[in-house]
Amino acid sequence: MIALSVNNLRAGYDPDLAIVKGVSFDVNKGEALCILGPNGAGKSTLIKAMAGLVPSFGGTVRLGPRDVTGLTPHLLVRSGLGFVPQTDNIFTRLTIRENLQIASQLVARSERQRRIDAMLAMFPDLGERPGELAGALSGGQRQMLAAARALLTEPDVLILDEPSAGLSPKLVGQVFDTLRRISEAGVTLVLVEQNVRAALALTPRALVLVDGHLAHDGPSNALHDGALLGELFLGRRGAEQPA
Amino acid sequence: MNPQALIDGLIAGSTIGLGAIGLTLAYSILRFANFTHGDFLAWGAYLTLTLFGLLGGLSAGLGAPVHPFSFGWGLPLAMLGGAALTVLLALGLDRILFGRLRARGADVIIIVMASFGASMALRSLLEFIFTAKPVYFTNALQIAQPLGLGMRATPDQLLVIGLTAVLVAGLHLLLTRSATGRAMRAVSENPDLAGVYGINVAQVIRMTWIIGAGLACVAGVMAGLLVQIRPYMGFDLLLPLFAATILGGIGSIPGAMLGGLIIGLAEAFAVQIIGAEWRAAVSFIILVLVLMLRPQGLFGQRGA
């Protein structure tokens with residue numbers, strides 16, 4: 001069953017200078033995939049367009065059977081898409097609990113407290129101090145709060161933009177452990193990541209984006225060979241060539 | 001020094017603080033300095049005055065003063081109606097002007113200039129409709145009652161201070177304890193992220209106008225009740241309002257209120273120390289000092 005379908009999506013900040021140039025792929029329910037590519041390939045723009053934060057100029061995005069192309073971010077969240085931006089992904093002037101309370105407004109009133117408690121239990125670092133300002137959290141804890149916020153609404157698809165960016169190796173390990181648990185819980189996961197090795201180890205499937213085009217879509221283990229990945233990143237292999 | 005300046009400052013500070021709260025909300029959530037805010041005060045006062053007159057015409061009992069105040073039940077009723085109409089004015093202005101500029105991604109300076117132009121238009125329209133001649137909610141004379149320590153105040157003045165305290169406390173609770181308040185604080189910090197959290201940012205912007213314009217109307221009525229109603233009353237308050245907003249820290253409700261009280265007290269004491277002709281300069285001096293020494297204000301955060 002397809003959870004997310006992107007069809008010939010064109011997106012960017014200027015219609016004459018599209019950054020994402022006609023990308024198509026499907027994600028099955030419960031599947032985890034990563035999107036890799038060199039800097040400037042359009043990875044973040046692609047997922048921001050899927051999340052309604054960057055305008056799309058053509059193509060469609062579907063969540064399950066529903067066409068959600070062009071919806072504003074808050075309507076996309078209500079449609080079942082969770083998005084965790086790379087940076088500035090929590091409200092630092094609000095407490096940990098308040099961050100979760102805001103997200104909980106999307107679920108039934110009777111469910112809210114249970115879901116907040118569940119998230120605080122899932123992430124003990126947060127559960128120990130829910131009244132603390134989120135701005136006081138470390139980088140890894142911030143990523144956990146961002147993930148907890150997105151998971152609280154039980155999204156059909158969770159998209160994360162470089163969750164390990166700027167983190168120490170120890171914290172990267174913590175974040176990927178968290179993502180592994182999320183994926184094992186059956187959440188459909190789409191991940192943009194610069195940490196190629198960690199991303200390929202986490203997700204069974206990988207896309208490679210080069211200059212706004214999809215250059216590879218296949219099993220992650222096909223990319224463990226660094227040479228192939230290098231060729232894809234350098235644009236020496238395109239989507240039309242067998243990867 | 002005459003201790004009466006303390007009461008005078010608190011009274012003036014109440015009006016300034018209440019007006020500054022709307023300004024600071026608009027500044028932090030809509031992200032521009034809204035010059036029309038002063039005109040919302042004036043429009044609120046005139047709309048309330050018009051409704052007060054209509055209510056008094058319908059029922060003499062509503063216009064008759066209720067002891068110990070100088071006005072009757074008609075004024076608070078008219079103020080509710082005036083606040084609703086001021087809110088409609090603000091929402092209408094956002095729909096036809098500011099909202100369109102936001103949708104086009106206009107630079108902040110363009111939106112500020114638009115608000116400056118809209119402010120002049122609103123003020124001129126008020127003068128055209130009501131003329132520049134000062135008007136009053138009531139002609140009843142009130143005798144200031146002794147409060148002790150050499151201070152005196154009229155019942156109307158004490159009511160203004162009390163009403164301000166209630167409104168500020170209520171608004172503080174709304175912003176800190178309710179889902180609406182959390183959403184407003186979230187949009188104030190990061191509107192893009194707020195959308196990703198599922199917050200309807202357009203709805204938060206509407207709520208900001210509703211609260212800001214409603215409070216502006218109340219502040220205008222207070223100023224009109226204690227002094228007089230003129231088309232330029234809001235314009236004349238703009239500098240103290242901005243000074244209070246920046247002194248308190250952009251986005252801080254307690255800060256705006258405290259900033260208003262400090263500005264009001266500073267003006268009142270300045271009148272006693274250096275003369276009434278310097279009163280208007282006080283806000284400007286405080287504004288410049290804050291921008292130079294502590295640009296984030298008393299309760300604001302750096303970069304906010």
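Both backbone and side-chain heavy atoms feed into the values below; hydrogens, waters and symmetry mates do not. Given the structure is predicted, the values throughout are model-derived calculations rather than measurements. Reminder, nothing fancy here: chain letters follow the sequence lines and each chain counts from 1.
Taking CG of A:Asp88 as the reference point, atom CG of B:Leu193 lies at 8.0 Å (rounded to 0.5 Å). The line from CD of B:Glu189 to OG1 of A:Thr92 is 3.5 Å long, rounded to the nearest 0.5 Å.
The minimum heavy-atom distance linking A:Leu53 with B:Asp192 is given by the pair CD2-O, 4.1 Å. Considering every non-hydrogen atom in both B:Val196 and A:Pro73, the closest pair reads N-CB, 4.0 Å. Listed here is the closest heavy atom pair of B:Gly195 and A:Val77: O-CG2, 3.8 Å. Minimum interatomic distance between A:Arg78 and B:Gly198 (heavy atoms only, all atoms of both residues): NH2-O, 3.0 Å.
Only the side chain of A:Gln105 comes within contact range of chain B, with heavy atoms under 4.5 Å apart. Residue B:Thr180: no heavy atom, backbone or side chain, is found under 4.5 Å from chain A. Of the two parts of A:Ile90, the backbone and the side chain both hold a non-hydrogen atom closer than 4.5 Å to a non-hydrogen atom of chain B. Using a 4.5 Å cut-off between heavy atoms, B:Ala194 touches chain A through backbone and side chain atoms alike.
The list of ring pair (Phe, Tyr, Trp, His ring centres under 6.0 Å) pairs with a residue in residues 46-97 of chain A, not counting sequence neighbours, reads A:Phe91-B:Tyr197.
Enclosure of atom CZ in B:Arg31 by more than 12 non-hydrogen atoms of other residues, nucleotides or ligands within 6.0 angstrom is indicated.
Ranked by non-hydrogen atom pairs under 4.5 Å with chain B, the options A:Leu75, A:Thr153, A:Leu106 are led by A:Leu106.
For A:Ser138, the side chain to side chain donor-acceptor pair (under 3.5 Å) criterion is met by A:Gln141, not counting sequence neighbours.
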